[in-house]
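Since the structure comes first, as structure tokens, the remarks are kept for the end.
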Amino acid sequence: VTTHSHPLPTASPGPATIMMRHAPLLVPFWQLLVGASVLSCLTPKSSTLLCDALLSNITLPPPGTNTDPSEGMYVIDVQAAYPNANWSDVDRLYIPGGHYKFLRLGNLPDRCQPGGKPLVITNLGGQVRVGGLGHYYIFAISGGCNWKLTGKYDPAAQTGHVDYQGHADGAYANSQGKYGILVDDAYSACEDGQDGCPYNISVCTTPNKTSCPYEIAGLTVGSNAPSSQPQPPTSDFEISYVEITDTGFAGLVIKTDNKPELECGTTDGLKCTSMNDYNMRNVAIHDMYIHDVLSEGMYLGSTQNSDAQHSFENLRVYNNRVLRAGTEGIQAGQLGDGCEIHNNVVVLSAIDWKDAFQTYQDNALQLSPRYGNTTVHHNIFIGAADSIVSMRKLLSLGDTHNDGDRVELQNNFFSSSRFLAIYMGVDYQPNNEEVNIAYDNRTSYHVSNSTFRNFEFQRDEVYGRTINSDLIRVAQQFISDTFLADNELNVEPGLDRLYLAKFPYSGASGLNLNGFSGDVENSTFPQGSINATGNVRSVVPPVKFQNFMPLLDPDVDYLLVERWSCNSSLAQGEPIKYFEGDYVIHKKILYNAKLDNTCVEPGSTSSESYWEFVSDPADDVRLACDDSAHFHGIGLLDVATCTAQPNASCHKDAKCTDGCYVCSRKCSKVKRRTLRRNKRGKNHKGNPHFDLDDYEYECKHSLKCKDAIDNHANIFEARPCSSDFSIAHCFYEGPPCSIAECADADDRCSFA
């Protein structure tokens, strides 16, 4: 890490002077009051000690100078920069609006004493934008306890700016660039050396590559974020209303890796043998807008498990939008007790799965629990190339496990994976099984009341594997009892049966939808059991959003959407062929393929015959009013205001657009997807699950079950029976009804 020589800002009264000098003509009245409260500190006879002690707000220096407004801010020791301030009582730390090359704040105060109030860090006088000007890190914060970083405009709390309110008051659509704090490194402008790249692409071939785009994270929080000493622990903080986009690596990174410069209680050579001093507790991440980043949307917790690492306790991640991440949408590791991930919308994860920075970085959610209780609930996860959920239990030496510890995935919507729904495996910390004798047979794992749909094996396009037949795969070393209950699986190829496997993969060791695996024993690993009950098959509709990507069919097969690239670095550099009907995201714009093509860049002068502009993303991913999941509490906590649905009756002449029931998959789309797979030579005609006749069906009218029940909740739909399906395929929501009431005609399946 390069050691900076940037001078520290002068202590009072400089900050107050800067704040007044750069105050805009039109600012909220409370911001004028902030300036007026310290006017006495500007007089020649004012006492520096007195002024610093009286300051309830401190304003950091603005970016650069009059001659170079694009310099960064480097305050590696905030407390040393203002030595006379009463840091236990300062209310707000203001960052003046402007465009910063980089922003570094370190050694924030420890205010975790009982009754301590949080230090609020926010923008003042306009938007704070960081990045896009060529630097090896963007925005880094370290140290301190009990602080908040927010770009939310709140006149009562004296935070943010009236012109940059983000998605406040439901303004989700087209909110790009409208947050009080924006982290944007303009990385996409550098991929092909086009205008707008802040780096000198012409010298990128030089040995040191000092002028090349940096593949770096957007906002980094942790005690070894780019810095020199000091390295105090970082804990008990909250981040909200920050937009992060166009970074060459992860959008948000929160972790403190075990490194030699860290001070901890016990060391072995240069490494901490215990990272408990650096545990992050009571961390809240909410109302974030993270989109179009090259790697993970959120990277929480260290994955460097060769040595001891700190854990999270009472981590809460909620009400966030994580859209079009290159690899995992959310990667959460080192999870201790009390961690909760809920009501997030994570869509089109692993969109760069053919050209990612590394293999096997292509899940929607990567979860690594260590000890205690972790809950993941009421989220929407769409898009993966490996697993929607990669569950990797982390056995770390020294952790305590108690009877009743649970890891729960409940009430989630999982859709659109090119391989597995859930993988359940084990990692060790330190990662040497001969040394690591950590053991946990007390924690149980639960997947319940969740929905699975749109799974189609495509992973062999890069990794060359044989066709997959598992939905949930459990590693042999996974010794915990696993419960799968009351989940809903769509009746479509890839989900026409629930198949569970222990290593090695074989049909003999799996469960078909429901059943009990029994307690398995072998000489190496004592095995837990798998207990599956109440899982059903039905027609599961896609979720519909208010305004995600305009002009994109809400019933689109999201497996058709990828990030454009000419070649696949993960498939030995082979050119990527796009087929008619495929969608790509390129430079944050959505295009549709008009013709089959290879290495034709969308938006280029030669692309008009091959690519059609569709839309710029709007990214309002609140659920649409006519979506059946709208009333089930999944997705964002901010629910769009919806008018009452018409009290229409479902009858035999009802059309698919009547809104009184859910339609099955459109035949036109199914045909297109099957044709696409035929072109790629991967139709697997010998496998009945990929036979077009098996699932070419139209929208069928639905029937009312009982007139007395609310119309929206009692609808169901059946599809023509097929000899390849062993049970009925009805979609039904609401109280039970008899077979007679649900039966229709000879070509219908009765209610199962």
Side-chain angles (χ1 to χ4, degrees), residues 187 215-221 244-255 257 285 288-305 309 312 315 317-318 320-335 339 341-342 344-369 374 376 379-394 407 409 412-425 427 455 458-459 462-463 473 558-559 561-563 569-570 585 621:
Y187 187 87
E215 296 183 354
I216 52 178
L219 173 58
T220 304
V221 180
I244 305 174
T245 184
D246 221 358
T247 61
F249 186 54
L252 175 66
V253 175
I254 300 179
K255 64 191 180 95
D257 288 328
I285 306 165
M288 301 286 285
Y289 178 27
I290 302 174
H291 62 100
D292 301 288
V293 297
L294 203 63
S295 192
E296 295 91 347
M298 295 185 186
Y299 187 149
L300 312 176
S302 179
T303 56
Q304 307 302 313
N305 60 336
Q309 302 292 349
F312 283 99
L315 167 71
V317 181
Y318 63 96
N320 300 290
R321 291 180 289 170
V322 183
L323 311 175
R324 299 177 297 276
T327 59
E328 281 81 8
I330 297 177
Q331 178 176 297
Q334 308 288 345
L335 300 180
C339 295
I341 300 172
H342 68 96
N344 302 284
V345 174
V346 184
V347 182
L348 288 177
S349 302
I351 197 172
D352 200 24
W353 70 285
K354 293 179 180 175
D355 196 34
F357 76 98
Q358 198 176 68
T359 56
Y360 309 114
Q361 301 286 328
D362 44 17
N363 309 287
L365 171 66
Q366 181 174 313
L367 203 69
S368 296
T374 292
V376 179
N379 302 280
I380 296 174
F381 289 102
I382 298 176
D386 191 335
S387 306
I388 290 287
V389 181
S390 178
M391 177 90 72
R392 308 193 67 88
K393 176 199 295 187
L394 185 56
V407 175
L409 277 66
N412 297 290
F413 182 91
F414 300 126
S415 177
S416 308
S417 174
R418 298 171 177 88
F419 192 26
L420 302 173
I422 300 176
Y423 170 77
M424 306 178 77
D427 287 326
F455 286 66
Q458 299 176 5
R459 192 167 177 78
V462 170
Y463 294 96
R473 183 171 289 180
Y558 284 111
L559 296 178
V561 186
E562 298 177 2
R563 182 174 176 269
S569 60
L570 303 183
I585 293 290
V621 288

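The distance from atom OH of Tyr318 to atom CD1 of Ile285, rounded to the nearest 0.5 Å, is 10.5 Å. In this structure, the separation between CG on Asp427 and CG on Asn305 is 5.5 Å, given to the nearest 0.5 Å. With values rounded to the nearest 0.5 angstrom, Phe381 atom CZ is found 5.0 Å from Ile330 atom CD1. The structure places CG of Asp386 at 9.5 Å from OH of Tyr423, a figure rounded to the nearest 0.5 Å. Interatomic distance, Leu252 CG to Asn320 CG, rounded to the nearest 0.5 Å: 8.5 Å.
In plain terms, the two heavy atoms of Ser416 and Tyr558 that are nearest each other are OG-CB, 3.8 Å.
Under a 3.5 Å cut-off, the side chain of Arg418 and the backbone N or O of Ala384 do form a donor-acceptor pair. In this structure a side-chain-to-backbone donor-acceptor pair under 3.5 Å is missing from Ser295 to Gly326. With hydrogens and angles disregarded, a donor-acceptor distance shorter than 3.5 Å links the side chain of Ser417 to the backbone of Leu420. The backbone N or O of Ser302 sits less than 3.5 Å from a side-chain atom of Gln334, completing a donor-acceptor pair. Of the possible donor and acceptor atoms, none in the side chain of Asp352 sits under 3.5 Å from a partner among the backbone N and O of Ala350. Side-chain N or O atoms of Gln309 include none that pairs as donor or acceptor with a backbone N or O of Gly301 at under 3.5 Å. Side chain of Arg392 to main chain of Gln366: no donor-acceptor pair is present (N/O by atom type, distance under 3.5 Å, no hydrogens or angles). With hydrogens and angles disregarded, a donor-acceptor distance shorter than 3.5 Å links the side chain of Asn379 to the backbone of Asn344.
Side-chain contact between Leu365 and Val346 is absent, with no heavy-atom pair separated by less than 4.5 Å. At least one side-chain heavy atom of Val389 sits less than 4.5 Å from a side-chain heavy atom of Phe414. Inter-residue side-chain proximity for Leu367 and Leu409 is flagged as met; some heavy-atom pair is nearer than 4.5 Å. Side-chain contact between Pro369 and Met391 is present, with heavy atoms from C-beta onward closer than 4.5 Å.
Defined by atom type and a distance below 3.5 Å, a donor-acceptor pair is missing between the side-chain atoms of Glu328 and Tyr299. Side-chain polar atoms of Thr245 and Asp292 form no donor-acceptor pair below 3.5 angstrom.
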